[in-house]
Amino acid sequence: MKVLIVDDEQPVRESVELSIKWANYDITEIYMAGDGIEALDIVRRETPELIICDMSMPRMDGIGFLEALRKEGWDSKVIVLSGYQEFRYARATLLADGVDYLLKPFKIDDLDKAIARAVEAIVESKQNKSEEWRRSHQVNEAQALLNEQKMATYLQSETANHEGVRQLLTEEGFPLEDFYILLFLPRNAGEVVDRHFMGDESLLLFSVRNILRDVLNPLTHHYFFRMESFLCVFTAGNISAAEMDYYRRKLEESWASTIRIETFSGLSRLKLGYRDILTGLKEAKREILKSNMLDGQRIENDQRQMPGLMDRELLVLEALKKQDKEYLGELIRSFVQELRARGYLSLKELQHYTIEANLLIMRISRQLELEPHIDPLSLWLSDLEEWEKALTHTFWMMIESEGENLASLRSIHAIRHYIESHLGEDISLTSLADRFYFSPQYISKKFKENYDTTIMSYLTQLRMEKAKSLLGHSDISIIEISRIVGYEDDNYFGKVFRKHVGESPSQYRKKQQER
């Protein structure tokens with residue numbers, strides 16, 4: 001939150017700044033001005049939520065400044081400081097959405113109380129606006145999601161529903177002709193959702209959309225939807241394929257730097273119409289299928305034989321019979337290392353191994369007479385590390401489907417103890433799975449059965465309780481507390497804290513100190 005102190009006397013400005021514990025009110029930026037003209041410039045540039053203003057000033061006095069605020073529509077809360085007890089000043093304060101009118105010389109305690117009332121009003125106003133925005137956003141998001149599903153359905157067959165596509169594009173105000181098709185395949189979405197978005201895929205998608213909107217803002221039109229594992233973008237405007245390629249790279253870089261999502265991408269080089277979308281999607285997919293999983297250079301005339309996953313069938317089967325999860329993990333890890341040693345592996349080649357892995361899973365399931373409920377690996381897994389984890393966890397699930405024993409129950413209790421002892425570390429379902437040799441699905445299911453809560457909910461609750469204790473019984477900064485309880489981003493920590501506690505960390509600390 002920001003505050004602007006306006007007074008022509010520098011000692012008064014400095015006295016106000018030094019006398020108030022601004023951190024208690026979540027105020028982090030303080031600006032100063034010597035008259036109304038300078039103050040108005042700061043308001044236009046910095047938009048402070050709270051203004052503490054003198055009335056008698058040169059060039060533009062308090063009345064002129066407050067009237068300008070009202071005319072320009074600023075909704076900052078105002079506290080007037082004045083040595084003149086006249087109604088016109090009080091009236092100007094009220095017109096400018098003021099909170100208090102204090103006569104000089106004023107008591108610091110009175111100013112502190114006035115600031116507390118102002119901040120409370122600001123927070124309430126923000127919450128009301130946020131709630132109104134949230135409801136509107138939910139309606140818009142629901143409609144957008146429905147349209148996404150419709151578009152994906154219209155395009156997922158060999159013969160597209162052109163009339164349905166035309167209707168959706170028309171509703172969005174998107175041109176029916178002369179647009180490019182961009183296709184992005186997220187590589188590490190599972191890891192990013194698990195580690196950085198607390199398992200909330202919708203929050204990741206919200207961030208993806210926001211970044212896309214910012215990057216493509218200079219273009220005349222863009223339309224976004226998801227289909228299968230892909231992020232699909234249609235773009236229209238007076239731009240060349242080379243310029244479109246620039247925006248493609250900028251999107252990839254922005255997603256990677258901001259939310260850590262790595263992608264492969266493909267682009268239709270010619271502008272298309274709505275009846276040619278399937279053609280454009282196929283062209284973009286062909287480009288993606290050539291992507292190198294290993295980010296290295298193709299080895300020319302590489303005569304080494306491609307390793308075969310099916311050659312390991314007997315070893316995998318034996319490990320499953322012995323329920324040796326560690327050895328299973330090592331078998332798959334060594335196979336992936338062979339793939340990496342080649343220096344080049346296209347997505348198309350990885351898909352070949354995905355098909356082979358699914359065949360192996362099916363054959364072994366039959367030999368072990370397991371129930372046919374194991375889901376196959378996704379054909380569009382495009383990160384070799386995620387591919388390795390997915391296959392490993394699938395084989396672990398085969399062992400877990402045989403039933404639990406006392407050792408597995410003890411491991412679930414051990415997982416809970418580990419979480420309690422490592423709150424400040426990077427904990428995710430995937431990291432727990434790798435540490436305790438269980439599939440993420442099994443851990444999630446058994447933790448819920450034993451403790452009637454999800455792992456992420458339990459972890460968040462513990463982190464919030466520790467944060468509350470530190471806020472109430474220490475002078476450690478809020479930024480440092482966020483690190484201690486496992487949040488890299490203190491802004492994100494603040495949002496989670498407000499969601500669970502009902503107020504910001506600084507507000508909670510202030511209340512605890514007043515008790």
Side-chain angles (χ1 to χ4, degrees), residues 137 140-187 189 205-259 261-291 347-348 380 382:
H137 176 70
N140 293 335
E141 280 290 294
Q143 186 59 50
L145 181 60
L146 178 61
N147 287 344
E148 272 189 23
Q149 293 170 344
K150 286 182 179 178
M151 180 64 80
T153 301
Y154 294 157
L155 297 173
Q156 279 179 343
S157 59
E158 288 297 321
T159 305
N161 182 340
H162 294 131
E163 178 55 30
V165 172
R166 185 195 65 78
Q167 184 176 345
L168 284 177
L169 293 180
T170 302
E171 288 176 3
E172 293 290 329
F174 191 86
L176 299 177
E177 303 292 336
D178 295 329
F179 57 85
Y180 292 103
I181 294 178
L182 274 169
L183 210 55
F184 297 91
L185 180 63
R187 301 184 61 191
L205 188 61
F206 177 74
S207 301
V208 165
R209 280 200 180 98
N210 282 344
I211 295 170
L212 183 140
R213 192 179 299 114
D214 289 342
V215 171
L216 299 185
N217 185 57
L219 301 182
T220 307
H221 298 282
H222 69 269
Y223 179 77
F224 169 81
F225 65 101
R226 291 177 299 166
M227 185 176 69
E228 297 173 324
S229 300
F230 296 94
L231 307 175
C232 307
V233 184
F234 299 165
T235 60
N238 187 24
I239 55 174
S240 64
E243 291 172 311
M244 197 63 255
D245 198 55
Y246 160 78
Y247 282 106
R248 186 233 305 240
R249 301 303 174 194
K250 190 172 181 180
L251 272 173
E252 288 184 316
E253 292 167 3
S254 298
W255 282 329
S257 62
T258 307
I259 55 177
I261 282 288
E262 302 289 342
T263 57
F264 289 131
S265 63
L267 167 66
S268 63
R269 299 287 171 176
L270 298 177
K271 288 187 175 182
L272 304 168
Y274 75 98
R275 291 184 175 275
D276 307 311
I277 289 176
L278 285 183
T279 301
L281 290 174
K282 289 178 181 178
E283 180 185 350
K285 282 183 180 180
R286 281 196 296 270
E287 184 177 352
I288 289 174
L289 284 169
K290 296 176 183 177
S291 302
L347 176 55
K348 187 172 184 179
W380 291 103
S382 53

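Each residue takes its place number in the sequence, starting with 1.
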For the residue pair [X] and [Y], establish whether any side-chain heavy-atom pair is separated by less than 4.5 Å.
X: Asn238; Y: Thr220; answer: no
X: Leu183; Y: Leu231; answer: no
X: Leu251; Y: Tyr247; answer: no
X: Ile239; Y: Leu219; answer: yes
X: Leu185; Y: Thr263; answer: no
X: Arg269; Y: Asp245; answer: yes
X: Phe264; Y: Glu262; answer: no
X: Cys232; Y: Arg226; answer: no

Do Glu283 and Arg286 sit within salt-bridge range, that is, some charged N less than 4.0 Å from a carboxylate O?
no

Identify the two heavy atoms, one from [X] and one from [Y], that lie closest to each other, and give their separation to 0.1 Å.
X: Ala236; Y: Asp178; answer: CB-O, 4.0 Å
X: Ile288; Y: Gly266; answer: CG1-N, 3.5 Å
X: Gly164; Y: Asn161; answer: N-OD1, 2.9 Å

Among [options], find the residue that satisfies the side-chain contact (heavy atoms from CB on, under 4.5 Å) test when tested with [X].
X: Arg248; options: Met244, Lys250, Glu252; answer: Glu252
X: Val165; options: Thr170, Leu176, Leu278, Leu155; answer: Leu155
X: Val233; options: Tyr223, Phe184, Phe179; answer: Phe184

Would you say the side-chain atoms of [X] pair up with the backbone N or O of [Y], donor to acceptor, closer than 3.5 Å?
X: Gln149; Y: Leu146; answer: no
X: Asp276; Y: Thr279; answer: no
X: Ser229; Y: Trp380; answer: no
X: Glu287; Y: Leu267; answer: yes

Does Lys150 form a side-chain contact (heavy atoms from CB on, under 4.5 Å) with Leu168? I'd like the steps, not just the answer.
CA-CA 8 Å; Lys150 286 182 179 178; Leu168 284 177; 3.8 Å; yes

Supply the atom-to-atom distance [X] [atom1] to [Y] [atom2], rounded to the nearest 0.5 angstrom.
X: Arg249; Y: Ser265; atom1: CZ; atom2: OG; value: 5.0 Å
X: Lys282; Y: Ile277; atom1: NZ; atom2: CD1; value: 13.0 Å
X: His162; Y: Tyr154; atom1: NE2; atom2: OH; value: 13.0 Å
X: Leu212; Y: Ser254; atom1: CG; atom2: OG; value: 9.5 Å
X: Met151; Y: Leu169; atom1: CE; atom2: CG; value: 4.0 Å

Under the side-chain contact (heavy atoms from CB on, under 4.5 Å) criterion, do Met227 and Gln156 qualify, and how do the steps go?
CA-CA 8 Å; Met227 185 176 69; Gln156 279 179 343; 3.7 Å; yes

Going through the distances and angles, do Phe224 and Glu148 end up as a side-chain contact (heavy atoms from CB on, under 4.5 Å)?
CA-CA 8 Å; Phe224 169 81; Glu148 272 189 23; 4.0 Å; yes

Checking side-chain contact (heavy atoms from CB on, under 4.5 Å) for the pair Glu172/Asn147: CA distance, chi angles, key distance, verdict?
CA-CA 10 Å; Glu172 293 290 329; Asn147 287 344; 3.7 Å; yes

Assess whether salt bridge (charged side-chain N to carboxylate O under 4.0 Å, His left out) is satisfied between Lys285 and Glu228, documenting all intermediate values.
CA-CA 12 Å; Lys285 282 183 180 180; Glu228 297 173 324; 3.2 Å; yes

Can you confirm whether or not the ring centre of Phe234 sits under 6.0 Å from the ring centre of Phe225?
yes

